[in-house]
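If you're wondering where the values come from, they're calculated on a predicted model, not measured in any experiment.
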Amino acid sequence: MNEKNATNNITESELVITRTFDAPRDFVFKMWTEPEHLKHWWGPKGFTFGVSKLDLRPGGVFHYSMTSPDGNEMWGKFVYREIVAPERIVFINSFSDVEGNAVRAPFSPTWPLEVLNTLTLFENGGKTTITLRGGPVNATEEERKTYEAGIESMKQGFAGTFDQLADYLAKAI
């Protein structure tokens, strides 16, 4: 791996999740971009979700809270890099504090501060296939290894989140 790839770009070991939903692309895109929809499905199963801010534009921020069933609160944020409605959203995802400053993940001191995610949406026959690709940016070697070790766990977590999206879509259509 060259030095540029080591510090700035997604590593070879990235998270890749693909899922097809029984809904048109425009509608699925709204699920990702409108707070009144996001609050019903984003985040781990069983968590309560709150939207502090959603400014959908390059450079804009989506700042949110997630509260576990036992009352532990975590904050996260997206900083949007690119939005091509209804085809693609590119964003940096971080854990944050209540003010929106990037902070270390509550579960690991070596989790990367920033993860670059690219969400693509493709429609075929009224169904939408999304692909989410993500990997650490501006990360140390230790942070990259921690991320890579967590890929299977993230896949399981996103499976639950996307189950919630599928359930919400079924009710919202």
key: Salt bridge flag under 4.0 Å for residues E143 and R104   = yes

key: Where A166 and F21 come nearest, the two heavy atoms and their spacing   = N-CE2, 3.8 Å

key: Sole candidate of T120, I89, L119 that passes side chain to side chain contact (heavy atoms under 4.5 Å, CB included) when paired with I130   = L119

query = Roughly how far, to the nearest 0.5 Å, is OG1 of T129 from CD of E123?
reply = 9.5 Å

remark   = Rounded to the nearest 0.5 angstrom, the CD-CZ distance for E14 and R133 is 4.0 Å

key: F47 and P69, any side-chain heavy atoms less than 4.5 Å apart   = yes

query = Parallel, tilted or perpendicular for F91 and W32, by the 30°/60° rule?
reply = tilted

inquiry  = Please give me the minimum heavy-atom distance between H63 and W75, naming the atom from each residue.
reply    = NE2-CE3, 3.3 Å

task = Over all heavy atoms of both residues, which pair between G150 and W111 is shortest? Give the atoms and the distance, please.
result = CA-CZ3, 4.5 Å

message = Using every non-hydrogen atom in the two residues, find where A23 and I173 come nearest and quote the distance to one decimal.
response = CB-CD1, 3.4 Å

request  = Can you measure from OH (Y64) to NZ (K77) and round to the nearest 0.5 angstrom?
outcome  = 11.0 Å

message = Does any part of the side chain of L169, heavy atoms only, come nearer than 4.5 Å to the side chain of V28, both counted from C-beta?
response = yes

query = What do the steps show when you test R144 against E141 for salt bridge (charged side-chain N to carboxylate O under 4.0 Å, His left out), and what is the final call?
reply = CA-CA 5 Å; R144 283 190 300 280; E141 184 64 26; 2.5 Å; yes

key: F162 and W41 aromatic ring geometry - parallel, tilted or perpendicular at 30°/60° bounds   = tilted

request  = Answer whether the closest heavy-atom distance between the side chains of D26 and P86 falls below 4.5 Å.
outcome  = yes

message = As an exercise, state the distance from CG of L113 to CG of N101, rounded to the nearest 0.5 Å.
response = 11.5 Å

query = Within the side chain of Q164, is there an N or O that forms a donor-acceptor pair under 3.5 Å with the backbone of G43?
reply = yes

key: R19 side, atom CZ; T128 side, atom OG1 - distance, nearest 0.5 Å   = 13.0 Å

ask   = How about M31 and H40: do any of their side-chain heavy atoms sit closer than 4.5 Å?
value = no

Donor-acceptor pairs under 3.5 Å, side chain of residues 152-159 to any protein atom, not counting sequence neighbours: which ones?
none

task = Might you confirm whether atom CD of E142 has over 12 heavy atoms from other residues, nucleotides or ligands at distances under 6.0 Å?
result = no

query = Checking R25 side chain against L121 main chain: does a donor-acceptor pair fall under 3.5 Å?
reply = yes

request  = Would you check if the side chain of D55 reaches a backbone N or O of F62 as a donor-acceptor pair within less than 3.5 Å?
outcome  = no

message = Would the distance check show the side chain of R88 and the main-chain N or O of E82 forming a donor-acceptor pair, the cut-off being under 3.5 Å?
response = no

inquiry  = Using every non-hydrogen atom in the two residues, find where V137 and I92 come nearest and quote the distance to one decimal.
reply    = CG2-CD1, 3.7 Å

ask   = Do P58 and Y80 touch side chain to side chain, with heavy atoms closer than 4.5 Å?
value = no

query = Of the non-hydrogen atoms in V115 and N117, which two are nearest, and what is the gap between them?
reply = O-ND2, 3.4 Å

query = F78 and L54: side-chain contact (heavy atoms from CB on, under 4.5 Å), yes or no, with the steps?
reply = CA-CA 9 Å; F78 297 178; L54 197 152; over 6 Å; no

CE-CZ distance between M74 and F95, expressed to the nearest 0.5 angstrom = 6.0 Å

